[in-house]
Amino acid sequence: MKMMRFYQELISTNNKLAHKDSEFSLGISNWYKKNGRENLPWREDVSPYRIWISEVMLQQTQVKTVIPFFNSFISHYPNLNKLSYASEENILALWTGLGFYRRARNIYKAKEVIKANFNNEFPTKFNEIISLPGVGDSTAGAIMSIAYKESYPILDANVKRVISRYEGVVNDSSSSSIKELWTLSRKHTPLKSIFEYTQGIMDIGATICNTKTPECKICPVHRSCVSAFSTIEKKVISKKINPIKYIHFELAYTDKKVLLFKRHKKTFWESLWIPYETDNS
DNA sequence: AACTCGGGGCA
DNA sequence: TGCCCAGAGTT
């Protein structure tokens, strides 16, 4: 049956990788090295806590960007117990430069929830995990499949691209597209070898089935892929230009210090330090 | 359902 | 300069 074939091919590729006994797997292996996807820090010493932190950092943020932030965060807070003592300000400081700072505030909120509701131990059930702030369907699925090795689907940018091409369905931000891709992701998610499947499909999406120039020749699933060797679909997206907003500041400073204020509005920059805002309507 | 995220990398 | 990235929360 075709639906099983997809992950079987992925799994067999992964097994070949482990043994590195064919030209084919050697080619894949070289792709990994070229793209730096071997020895990703969150793939070492796998734990729910480390996968949680990495998955949140990886939301809409590229692997290469996340690596130094993950290592720094883990060196400060190697486990949940250490993190339980952190302030929101501590966590935000480690997030400086990574962007999407709501994620850092949600890490703080989530660890407080874990302290209050889960005896300061990382929850083990999908419904508990997805209840944590900053954890949605895909991140919860990633924690379940990677850390707990239970059969749950994910839908990140890699899976969207691989599956939409493999099945020949549209991949855009419309709710109908997202819904269909979730259905297909669930269909392809195997009951066994879930860890290998999840890592494998993301690796293929990141290295072989990439956005610009997919390498169908070396793709392990090209025989059953609807879009294999076909020209890349051109996304025609009418992008709206946002009107420019001006924000005015006054910065008070001495030769040694600057005066900043913690922003409390929830619209944007919540909890972040900014100069005095003037004349903003 | 659309919009946003003190963002960054890459062609 | 524009598109993309291991998405989620808010309006």
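Just so you know, these numbers use all the heavy atoms, side chains as well, and skip hydrogens, waters and symmetry mates. Order of the sequence lines sets the chain letters (A, B, ...), proteins ahead of strands, with each chain counted from 1.
A ring-centre distance under 6.0 Å is not found for A/Tyr197 and A/His188. Aromatic ring centres of A/Tyr276 and A/Phe261 lie closer together than 6.0 Å.
Taking only side-chain atoms of A/Ser175, from C-beta outward, the nucleotide of C/dA6, C/dA8, B/dA1 with the closest atom is B/dA1.
In this structure A/Arg105 satisfies the salt bridge (charged side-chain N to carboxylate O under 4.0 Å, His left out) test together with A/Glu270, sequence neighbours excluded.
Regarding A/Phe70, its CZ atom lies at a distance of 20 Å from the C1' atom of B/dG7, rounded to whole Å. Atom-to-atom, CD of A/Glu55 to P of C/dG7 comes out at 8 Å; the value is rounded to the nearest Å. Rounded to an integer number of Å, the gap from CD of A/Gln60 to P of B/dC5 is 14 Å. One can place CD1 of A/Ile178 at 12 Å from C1' of B/dA1, the figure rounded to the nearest angstrom. Rounded to whole Å, the distance from CG on A/Asp172 to P on C/dC3 is 15 Å. Taking atom CZ of residue A/Phe69 and atom P of nucleotide B/dG8, one finds them 8 Å apart after rounding to whole Å. Here C/dC4 presents its C1' atom at 12 Å from CG of A/Asn210, a figure rounded to the nearest Å. Rounded to whole Å, the distance from CG on A/Asp156 to P on C/dC5 is 9 Å.
DNA chain C is contacted by both A/Leu58 and A/Gly134; A/Leu58 maps to the nucleotide lying nearer its 5′ end (nearest heavy atom per residue). Of the residues near DNA chain C, A/Ile130 and A/Thr198, the one whose nearest nucleotide (by heavy atom distance) lies more toward the 5' end is A/Thr198. Between A/Trp273 and A/Ser174, the residue whose closest nucleotide on DNA chain B is further toward the 5' end is A/Ser174.
When heavy atoms are screened at a 4.0 angstrom cut-off, A/Thr139 is found touching the sugar-phosphate backbone but no base atom. A/Gly205 comes within 4.0 angstrom of no nucleic acid atom, judged by non-hydrogen atoms across all strands. Residue A/Ala157 is in sugar-phosphate contact alone, with no base atom involved, counting any heavy-atom pair closer than 4.0 Å across all strands shown. Within the 4.0 angstrom heavy-atom criterion, no nucleotide atom of any strand lies near A/Val56. At a threshold of 4.0 angstrom between heavy atoms, the contacts of A/Trp42 include nucleobase atoms, whether or not backbone atoms are also involved.
One finds a side-chain N or O of A/Thr211 lying less than 4.0 angstrom from the OP1 or OP2 phosphate oxygen of C/dC5.
Relative ring orientation between A/Phe126 and A/Tyr152 is described as parallel, the plane-to-plane angle staying below 30° on a 0-90° scale split at 30° and 60°. Using cut-offs of 30° and 60° for the angle between ring planes, the A/Trp95 and A/Phe73 rings count as perpendicular.
With 3.5 Å as the limit, one finds a donor-acceptor pair spanning the side chains of A/Gln199 and A/Arg43. At a cut-off of 3.5 Å, with distance as the only test, a side-chain donor of A/Glu88 or A/Ser271 sits close to an acceptor on the other residue.
Atom P of B/dG9 sits at a distance of 23 Å from the matching atom of C/dA8, rounded to the whole Å. With both ends at atom C1', the span from C/dC5 to B/dC5 equals 13 Å, rounded to whole Å.
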Table of protein N/O atoms under 3.5 Å from nucleotides 9-11 of chain B N/O atoms:
unit_1: B/dC10; atom_1: OP1; unit_2: A/Lys64; atom_2: NZ; d: 2.5

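Within residues 98-109 of chain A, the residues that place at least one heavy atom under 4.0 Å from DNA chain C are, in residue-number order, A/Arg102, A/Asn106.
When each of A/Ile163, A/Ile178, A/Val162, A/Leu181 is paired with A/Asn171, the side chain to side chain contact (heavy atoms under 4.5 Å, CB included) condition holds for A/Leu181 and for no other.
With a 6.0 Å cutoff to the six-membered ring centre and a 45° limit on the axis angle, A/Lys149 counts as a cation-pi contact of A/Phe195.
At least one side-chain heavy atom of A/Asn81 sits under 4.5 Å from a side-chain heavy atom of A/Ser84.
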